[in-house]
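All ligand and atom numbering here is 1-based and tracks the order in the structure. Numbers here are sequence positions counted from 1.
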Amino acid sequence: MSRDVVIERLDLADTQAIRIAVLRRGTPATTAVYDGDDLPTTVHIGARRNGVVVATSTWILAAWPHDPALPAVQLRGMAVDDSLQGTGIGRRLVDAGINHARDAGASIVWAKARDSAMSFYERCGFRVVGEQFTEPASGMPHHLVVREVS
Ligand SMILES: CC(C)(COP(=O)(O)OP(=O)(O)OC[C@H]1O[C@@H](n2cnc3c(N)ncnc32)[C@H](O)[C@@H]1OP(=O)(O)O)[C@@H](O)C(=O)NCCC(=O)NCCS
């Protein structure tokens with residue numbers, strides 16, 4: 001279904017419109033910039049269809065709160081255009097990001113996952129750790145999730 005969608009690295013600027021459209025709608029936030037977004041070690045992996053960015057994800061070297069000594073990558077800004085959700089693009093981004101994390105020497109990937117998207121993370125091999133919390137930027141309930149990089 002998503003065969004005409006190409007997974008590729010994005011520049012930071014190319015992540016903004018889709019992040020704001022998908023992740024900031026209905027929230028008080030008007031920006032979608034994360035700590036570490038512009039570090040040289042940070043990678044943005046997205047999807048384009050007919051040249052248009054239709055999905056984005058960001059992979060940042062960042063300590064896992066439950067074991068800061070582990071080499072870890074944090075997944076942030078996971079967003080797929082509304083009209084293409086449920087067609088396998090998110091999973092393709094996670095697969096590409098896990099490959100990147102492995103190449104970067106990470107042993108785990110973690111994220112602050114919205115509870116509304118928890119089944120997606122679980123289907124992609126992540127597990128929940130710890131208690132629910134509210135993210136200030138969105139006001140939404142979240143849990144930490146983690147996946148080993150094998
Ligand atoms: C969550 C999101 C990134 C998933 O991407 P996607 O391309 O829609 O997901 P995929 O089509 O690759 O789905 C992979 C699996 O997760 C499941 N899934 C995807 N989104 C889901 C959701 N919101 N709730 C429950 N299951 C979901 C799919 O059914 C599929 O399951 P399968 O393996 O049994 O077929 C995307 O739906 C999205 O952008 N949602 C809105 C923003 C958001 O919540 N982002 C995450 C913030 S932490």
- Task: Could you tell me how the ring of F126 sits relative to the ring of Y121: parallel (under 30°), tilted (30 to 60°) or perpendicular (over 60°)?
- Result: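 F126 and Y121: perpendicular rings.
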- Query: Quick one: which of H143, E148, E122 gives a side-chain hydrogen bond (donor to acceptor under 3.5 Å, both in side chains) with R127?
  - Reply: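 Only match with R127 under side-chain hydrogen bond (donor to acceptor under 3.5 Å, both in side chains): E148.
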- Taking C-beta and beyond as the side chain, do I45 and I7 meet within less than 4.5 Å on heavy atoms?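 I45 vs I7: side chains touch.
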Going by the rule salt bridge (Lys or Arg N to Asp or Glu O under 4.0 Å), which residues pair with [X] if we only count those two or more places apart in sequence or in a different chain?
X	result
D37	R19
R91	none
E8	R48

- Hey, which residues fall under 4.0 Å of ligand 1 on heavy atoms?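 V22, L23, M78, A79, V80, Q85, G86, T87, G88, I89, G90, R91, K112, A113, R114, S116, A117, S119, F120, Y121, R123.
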